[in-house]
> 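Attaching a single structure in structure tokens format; questions to follow.
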2 protein chains.
Amino acid sequence: MENFNEKTVTSETLYCGKIIELRVDEVQLPDGKLAKRELVKHPGAVAVIAITDEGKLVLVEQFRKALERTIVEIPAGKIEPNEDPKQTAIRELEEETGYRANEFTYIQSFSTSPGFADEVIHLYLAKSLEKVENPAAGDEDEFINLHECTISEAEEMMNDGRIYDAKTAFAVLYVKQLTIK
Amino acid sequence: MENFNEKTVTSETLYCGKIIELRVDEVQLPDGKLAKRELVKHPGAVAVIAITDEGKLVLVEQFRKALERTIVEIPAGKIEPNEDPKQTAIRELEEETGYRANEFTYIQSFSTSPGFADEVIHLYLAKSLEKVENPAAGDEDEFINLHECTISEAEEMMNDGRIYDAKTAFAVLYVKQLTIK
């Protein structure tokens, strides 16, 4: 296996926002040449595949400014400073859906856009759900419609584009695979 | 269904790079309040689930500066100006793997990070592969190791973190599902 690491020559932070940072690095390539890398730093996020006792997938519908449209996703949210990802996942599930899970297990983590961003999503499976009487309030700039769908309804939403993001597309295949097993 | 659209009040482009742009919008929320949205513009990308006649998945290993590590991914690349996504997919498959496909079909598209980026990946399935004698050269700042793996090898790579990005995680489940059918 060849080592293709890129050595940082210079690194400049151009923007520090509330959620993301933008950095431009000059790197030395394996052949010695120089190249620029435009990099977005993100605190990381969690997402929850929550399945009700009736076998339905819990989904949230919200407007996404980056896409200028409303999409249907699994519950998710970014990790707050010093927060353990599992706690983020439990918190986001309650805030966005009003559910608490008696079974909460880690599935896997993945990078969303390795070409330019360091965002990693940690994915959890939540089962044996219970509605919380007074769920914790979510972010005040978040407006959400809640859905509970069968897997074939979720597949239909993936086909017609209402489900339109990578983590939720993965979730639909993941749940389908669980039911085949 | 409630309409939770966010109206743009102001929009400021803070960075225009080679690949991404950074924009900060002030938006009006459904309750009338104002909020900031940090948005990354990206030209969009394609990714190819390429399966050899032996049923192996074609994978590329490369260093990703954003993650500061090497990961194993399905072949992918960004869409050039005025390029049709299918042409991008055919081009990237040849540049990164040396393969041309006699069967090339569109699977679906998904947003990678709807919370802050407009990047969409268009996913294709490539079968009936043939090695090209003199494949087109790829980007000069791209250094790649090629792999061809069985599905169980790919699953193992997903479990140990060598496969670590959303599109490839989706691809592994997708191919597994194809073989179950």
Side-chain angles (χ1 to χ4, degrees), chain A residues 1-2 4-6 14-15 17-20 22 24-25 27 29-31 33 35-40 42 45 61-67 70-71 73 76 78 108-119 121 140-141 143-145 158-159 164-167 169-170 173-174 176-177 180, chain B residues 1-2 4-6 14-15 17-20 22 24-25 27 29-31 33 35-40 42 45 61-67 70-71 73 76 78 108-119 121 140-141 143-145 158-159 164-167 169-170 173-174 176-177 180:
Chain A
M1 180 64 52
E2 291 176 82
F4 289 153
N5 286 14
E6 297 175 355
L14 299 180
Y15 176 78
K18 201 179 133 201
I19 297 170
I20 58 174
L22 176 69
V24 177
D25 284 9
V27 299
L29 300 172
D31 64 3
K33 287 184 185 161
K36 268 198 179 174
R37 298 285 179 239
E38 299 165 359
L39 306 168
V40 173
H42 184 282
E61 182 172 17
Q62 61 186 315
F63 183 78
R64 291 299 204 170
K65 189 65 187 170
L67 304 176
T70 296
I71 61 172
E73 297 166 71
K78 67 174 195 299
Q108 71 178 84
S109 303
F110 46 63
S111 156
T112 53
S113 299
F116 69 93
D118 71 346
E119 184 192 35
I121 291 185
E140 62 171 16
D141 63 352
F143 295 81
I144 284 171
N145 285 312
M158 199 152 84
N159 291 336
Y164 193 62
D165 77 297
K167 67 181 176 303
F170 179 89
L173 287 194
Y174 183 88
K176 201 177 166 191
Q177 186 200 243
I180 290 169
Chain B
M1 179 64 52
E2 292 176 80
F4 290 153
N5 285 15
E6 298 176 355
L14 300 180
Y15 176 78
K18 200 179 134 201
I19 298 170
I20 58 174
L22 176 69
V24 177
D25 284 9
V27 299
L29 301 173
D31 64 3
K33 288 184 186 162
K36 268 197 178 172
R37 298 285 179 240
E38 300 165 358
L39 306 168
V40 173
H42 184 282
E61 183 173 16
Q62 61 185 316
F63 183 78
R64 290 299 204 171
K65 189 64 187 169
L67 304 177
T70 296
I71 61 173
E73 297 166 71
K78 67 174 194 300
Q108 71 177 82
S109 303
F110 46 64
S111 155
T112 53
S113 299
F116 68 92
D118 71 346
E119 184 193 34
I121 291 185
E140 62 171 19
D141 63 352
F143 295 82
I144 283 171
N145 285 313
M158 199 152 84
N159 290 335
Y164 192 64
D165 78 296
K167 67 180 177 304
F170 179 88
L173 287 194
Y174 183 87
K176 202 178 165 191
Q177 187 200 244
I180 291 169

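Throughout, protein chains are lettered first and strands after them, A, B, ... in sequence-line order, and every chain is numbered starting at 1. Everything numeric here is computed off the predicted structure, so don't read it as measured data. Hydrogens, waters and symmetry mates are skipped; everything else that's a heavy atom, side chains included, is used.
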> What is the minimum heavy-atom distance between A:Phe143 and B:Phe4, and which atoms define it?
O-CD1, 3.3 Å
> Measure B:Gln62 against the heavy atoms of chain A and call it side chain, backbone, both or neither at under 4.5 Å.
neither
> For chain B, which candidate among A:Asp25, A:Asn159, A:Leu39 shows the most heavy-atom pairs at distances under 4.5 Å?
A:Leu39
> B:Glu119 versus chain A, heavy atoms under 4.5 Å apart: side chain, backbone, both or neither?
side chain
> Can you tell me how far CG of A:Leu29 sits from CZ of B:Phe63, rounded to the nearest 0.5 angstrom?
10.5 Å
> What's the spacing between A:Gln108 CD and B:Tyr164 OH if we round to 0.5 Å?
10.0 Å
> Might you point out which heavy atoms bring A:Glu6 and B:Lys65 nearest each other, and give the distance in Å?
O-NZ, 3.1 Å
> Answer with side chain, backbone, both or neither: which region of B:Leu22 has an atom nearer than 4.5 Å to a non-hydrogen atom of chain A?
side chain
> Identify the two heavy atoms, one from A:Arg64 and one from B:Gly115, that lie closest to each other, and give their separation to 0.1 Å.
NH1-CA, 3.4 Å
> What part of A:Leu14 gets within 4.5 angstrom of chain B, counting heavy atoms only: side chain, backbone, both, or neither?
side chain
> What heavy-atom pair brings B:Ala117 and A:Leu67 nearest, and what distance separates the two atoms?
O-CD2, 4.1 Å
> If every non-hydrogen atom of B:Asp165 is compared with every non-hydrogen atom of A:Phe110, which pair is closest and at what distance?
C-CB, 3.8 Å
> Could you tell me which portion of B:Glu38 (side chain, backbone, both or neither) has an atom closer than 4.5 angstrom to a non-hydrogen atom of chain A?
both
> With a 4.5 angstrom heavy-atom cut-off, which part of B:Lys167 approaches chain A: side chain, backbone, both or neither?
side chain
> Just to verify, which of A:Lys33, A:Lys36, A:Arg37 counts as forming a salt bridge (charged side-chain N to carboxylate O under 4.0 Å, His left out) with B:Asp141?
A:Arg37
> Mind ranking A:Ala45, A:Pro30, A:Gly17 by heavy-atom pairs under 4.5 Å with chain B and telling me who comes out on top?
A:Pro30
> Counting heavy-atom pairs under 4.5 Å to chain A, which of B:Ile121, B:Asp118, B:Val27 comes out on top?
B:Asp118
> Can you classify the ring geometry of B:Phe116 versus A:Phe116 as parallel (below 30°), tilted (30 to 60°) or perpendicular (above 60°)?
perpendicular
> Given a strict heavy-atom distance threshold of 4.5 Å, which part of A:Lys18 is in contact with chain B: side chain, backbone, both, or neither?
both
> Heavy-atom distance under 4.5 Å to chain A: side chain of B:Ile71, backbone, both or neither?
side chain
> Counting only non-hydrogen atoms closer than 4.5 Å, does A:Ala35 touch chain B with its backbone (N, CA, C, O), its side chain (CB onward), both, or neither?
side chain
> Please flag which part of B:Ile19 lies under 4.5 Å from any non-hydrogen atom of chain A: side chain, backbone, both or neither.
both
> When only pairs under 4.5 Å are counted, which of B:Ala66, B:Ser111, B:Ala169 shares the most heavy-atom pairs with chain A?
B:Ser111
> Output the option from A:Ala76, A:Pro114, A:Ala166, A:Ser113 having the highest count of non-hydrogen pairs under 4.5 Å with chain B.
A:Pro114
> Is chain A contacted by the side chain of B:Asp31, its backbone, both, or neither, given a heavy-atom distance below 4.5 Å?
both
